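Take a look at the structure set out below.
Fair warning: this is a prediction, and the values are worked out from it, not measured in the lab.
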Amino acid sequence: MKFKFSLEPVLKVRQHQEKIQKQKLAEEISNKNKITLLRNEAQKKLENYLDNKKNQTAANIHLIKRHNAHIVEVNEHINKLGDKEKEANGKVKNERGKLAEAFKKLSILEKVKETEQGLYVKAEASVDLKFMDEISTQSFNR
């Protein structure tokens, strides 16, 4: 007789839930990395812009105002990306928590399955031992 786990459908659902959570976590990490990359690129561009402007002298007041407006706009963009990055970090943390919970639920069921399988093996061994004892007893009585 073959071992059949009574909670096999539940185990399959839990495995599927864990797989989905892994995919969601990977997606959130990817989004976070994209935002971080954009923020870093904007910071590097601003630094390069400021370095280039240090070497040049402003010709008139309109150019100075335009440069200041550009710097303010880029700083605002960097700050918005920083806020998005914080939000993405929160989402990643949330998804990690959900993945940990899904893993716990799955591991609990796997432990239950291992326990039931161990009990099944012991019961089968006991039945086989009784059968062998009966055969030896009958052959001894003859």
Side-chain angles (χ1 to χ4, degrees), residues 1-140:
M1 199 162 92
K2 187 178 174 186
F3 172 72
K4 187 173 181 180
F5 183 50
S6 60
L7 298 174
E8 191 68 34
V10 177
L11 182 63
K12 287 181 181 180
V13 168
R14 297 277 168 87
Q15 288 170 339
H16 182 69
Q17 287 173 340
E18 182 188 32
K19 182 180 174 183
I20 288 173
Q21 283 305 126
K22 284 181 181 179
Q23 290 172 348
K24 286 181 181 179
L25 177 62
E27 184 179 306
E28 290 299 331
I29 288 174
S30 174
N31 288 338
K32 178 191 162 278
N33 289 340
K34 286 178 187 176
I35 292 170
T36 303
L37 184 65
L38 287 173
R39 183 171 182 245
N40 290 339
E41 286 177 4
Q43 284 178 331
K44 285 180 185 177
K45 286 180 183 179
L46 179 62
E47 289 171 5
N48 288 336
Y49 180 77
L50 291 174
D51 288 342
N52 290 338
K53 292 305 168 195
K54 284 181 183 177
N55 297 333
Q56 297 177 358
T57 57
N60 60 30
I61 191 100
H62 296 295
L63 285 176
I64 293 173
K65 285 183 179 180
R66 206 170 0 151
H67 292 296
N68 282 341
H70 177 69
I71 291 170
V72 167
E73 184 180 323
V74 172
N75 275 329
E76 287 176 2
H77 180 65
I78 289 172
N79 289 338
K80 286 180 184 177
L81 287 174
D83 293 342
K84 285 184 180 180
E85 187 176 17
K86 287 178 185 176
E87 184 180 317
N89 282 334
K91 287 182 180 179
V92 167
K93 186 177 178 182
N94 187 23
E95 291 299 325
R96 280 193 176 128
K98 288 180 181 178
L99 178 60
E101 187 65 30
F103 179 76
K104 285 179 189 175
K105 289 179 180 180
L106 176 63
S107 64
I108 288 170
L109 274 179
E110 286 175 342
K111 293 282 185 188
V112 169
K113 181 178 180 179
E114 289 173 9
T115 304
E116 280 189 22
Q117 195 168 16
L119 292 174
Y120 173 79
V121 168
K122 284 182 182 177
E124 285 293 311
S126 175
V127 168
D128 288 345
L129 184 62
K130 285 180 184 178
F131 181 71
M132 296 303 269
D133 285 346
E134 191 173 314
I135 290 175
S136 64
T137 303
Q138 286 179 0
S139 65
F140 180 74

In a check of side chain to side chain contact (heavy atoms under 4.5 Å, CB included) between Leu99 and each of Gln23, Lys22, Gln17, which one passes? Lys22
Distance from Lys45 atom NZ to His77 atom NE2, nearest 0.5 Å? 8.5 Å
Donor-acceptor contact below 3.5 Å, side chain Thr137 vs main chain Asp133: yes
Can you tell me how far the CG atom of Leu7 sits from the CG atom of Leu109, to the nearest 0.5 Å? 6.0 Å
To the closest 0.5 Å, what do you measure between CG (Leu106) and NZ (Lys104)? 13.5 Å
Do Lys12 and His16 come within less than 4.5 Å of each other through their side chains, counting heavy atoms only? no
Do His70 and His67 have side chains that approach each other closer than 4.5 Å (heavy atoms only, starting at C-beta)? no
Would you give the length of the straight line joining atom NZ of Lys84 to atom NZ of Lys34, rounded to the nearest 0.5 angstrom? 12.5 Å
From Thr36 OG1 over to Glu85 CD, what is the distance, rounded to the nearest 0.5 angstrom? 3.5 Å
Nearest 0.5 Å please: distance from the CD atom of Gln21 over to the CD atom of Glu28. 10.5 Å
Less than 4.5 Å apart, side chain to side chain, heavy atoms only: is that true for Tyr120 and Lys4? no
Which pair of non-hydrogen atoms, one from Ala102 and one from Glu18, has the smallest distance, and what is that distance? CB-CA, 4.1 Å
How would you list, by chain and number, every residue that makes a side chain to side chain contact (heavy atoms under 4.5 Å, CB included) with Ile29, sequence neighbours excluded? Leu25, Asn33, Val92, Arg96
Does the side chain of Lys98 come within less than 4.5 Å of Lys24's, by heavy atoms? no
Applying salt bridge (charged side-chain N to carboxylate O under 4.0 Å, His left out) as the test, list every pair that has at least one member in residues 105-132; sequence neighbours left out. Glu8-Lys113
Nearest atoms (heavy-atom pairs only) where Ile78 meets Ala42: CG1-CB, 3.8 Å
